[in-house]
Amino acid sequence: MTLYQTEPRIAAGDVSNTEPNLPGKLEAKPSQTDFLTKFMVEPGARVVLDDIDPGCCAGYESCERAQTAMKSYAEKIGRLQYLMHAENKRSLLIVLQGMDAAGKDGVVRHIVTNMNPAGCRIVNFKQPTPVDLGHDFLWRVHPHVPSKGEVIIFNRSHYEDVLVVRVHQLAPVHVWFKRYELINSFEKLLVADNDTTVLKFLLHISKEEQLARFKRRLEDPARRWKISEADYREREHWDSYVDAFEEMLHRTSTIHAPWFVIPSDQKWFRDLAIAQIISRTLEALDMRLPQPAVDITHIRRRYHAAEITAKAS
Ligand code: AMP
Ligand code: MG
């Protein structure tokens, strides 16, 4: 498969000692599967989404078996995000795309579980307003990119401008076609000028699983608020979306901002794979706590003085 053809572009940190050693399989242990390599789209590769099994679990037999690894990655992401916030030098932009009901909201919940809200933010991209439409397509996006120390998650993104816009011909071909290059330049700017790491995830679900999720939304009163007419309308354009996704992957998976196609029919596997990729990427940044801004010897003296005063009173 095109996706899996070469070595990872991003150096992966070694977290194998924190992953469980799952019994029961003779082939490569699930704990050793590097999802960063496995699911990354090589720059220029032509991915055929039909060739990728959306139900893939990479050897993990069940959600229960993956629990320890999931917990460990979630905790690691929490620790590394704290470090990013403290270091205040670099940032992380996570982009989520996928069909309706692919699980973008679920991924957001999982990623931020252990994060300090002070250093992370979620940005949802809906239909552009008339004011947005009066500007270039990146105008509404740029103010939301992370500043130093921040993690920002885009739930949908500037990629809608080469997806829904293409599928529904909301702009002429010569307009949206130029956007692939413009997006590459934009993302390169974030990386080159502000030390932002960009990770882009396409949540890959099957048409059957989407319908099953629509059914659950219909039957479960707690989920009904999520139903929209648009979900059914967009489903009729499934093949056009697949074409648009494939072209997007081909033209915009770059060394500086790679795409990952994540099998997402199994929610727990989707969360596990994404958490591993994020935690390994953050780990490879080799972030450090900053030096204290004060003279610690001096502050220690002040502390002891305050302690003596407190005991005396
Ligand atoms: P949801 O994320 O399900 O709340 O839906 C948001 C809707 O906004 C989706 O149907 C998107 O396709 C649509 N949307 C987001 N960005 C754009 C855009 N740039 N142009 C047109 N529609 C968009
Ligand atoms: Mg929706």
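Whatever order the structure lists ligands and atoms in, that order sets their numbers, starting from 1. Since the structure is predicted, the reported quantities are computational estimates derived from the model, not experimental observations.
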Verdict with supporting geometry, S228 and D231, side chain to side chain donor-acceptor pair (under 3.5 Å): CA-CA 6 Å; S228 93; D231 293 347; 3.3 Å; yes

Under a 4.0 angstrom heavy-atom cut-off, which atoms of ligand 1 come close to D161? 19 (N)

Per-atom contacts, ligand 1 versus V164 - under 4.0 Å to a heavy atom: 12 (O), 20 (N), 21 (C), 22 (N), 23 (C)

Output yes when D100 and R156 qualify as a salt bridge under the 4.0 Å nitrogen-oxygen rule, no when they do not. yes

In the protein, which heavy atom is nearest to atom 3 (O) of ligand 1, and how far is it? R156 NH2, 3.4 Å

Which segment of K104 sits under 4.0 Å of ligand 1 when only heavy atoms are counted: neither

Regarding R216 and E209, does a basic nitrogen lie under 4.0 Å from an acidic carboxylate oxygen? yes

Residue pair V47 / I52, side-chain heavy-atom distance below 4.5 Å: yes

P128: heavy atom below 4.0 Å from ligand 1, yes or no? yes

Scan I153, V198, L80, L199 and name whichever one has a side-chain contact (heavy atoms from CB on, under 4.5 Å) with L92. L199

Identify, for atom 4 (O) of ligand 1, the protein heavy atom at the shortest distance, and state residue, atom and that distance. K126 NZ, 2.4 Å

What protein heavy atom sits nearest atom 11 (C) of ligand 1, and how far away is it? E160 OE1, 3.6 Å

Closer than 4.0 angstrom: is that true for some heavy atom of R140 and an atom of ligand 1? yes

Sidechain N-carboxylate O distance under 4.0 Å for R233, E229: no

At what distance, to the nearest 0.5 angstrom, does CD of E150 lie from CG of L93? 10.5 Å

Please report which non-hydrogen protein atom sits nearest to atom 8 (O) of ligand 1, along with the residue it belongs to and the distance in Å to one decimal place. Q127 N, 3.3 Å

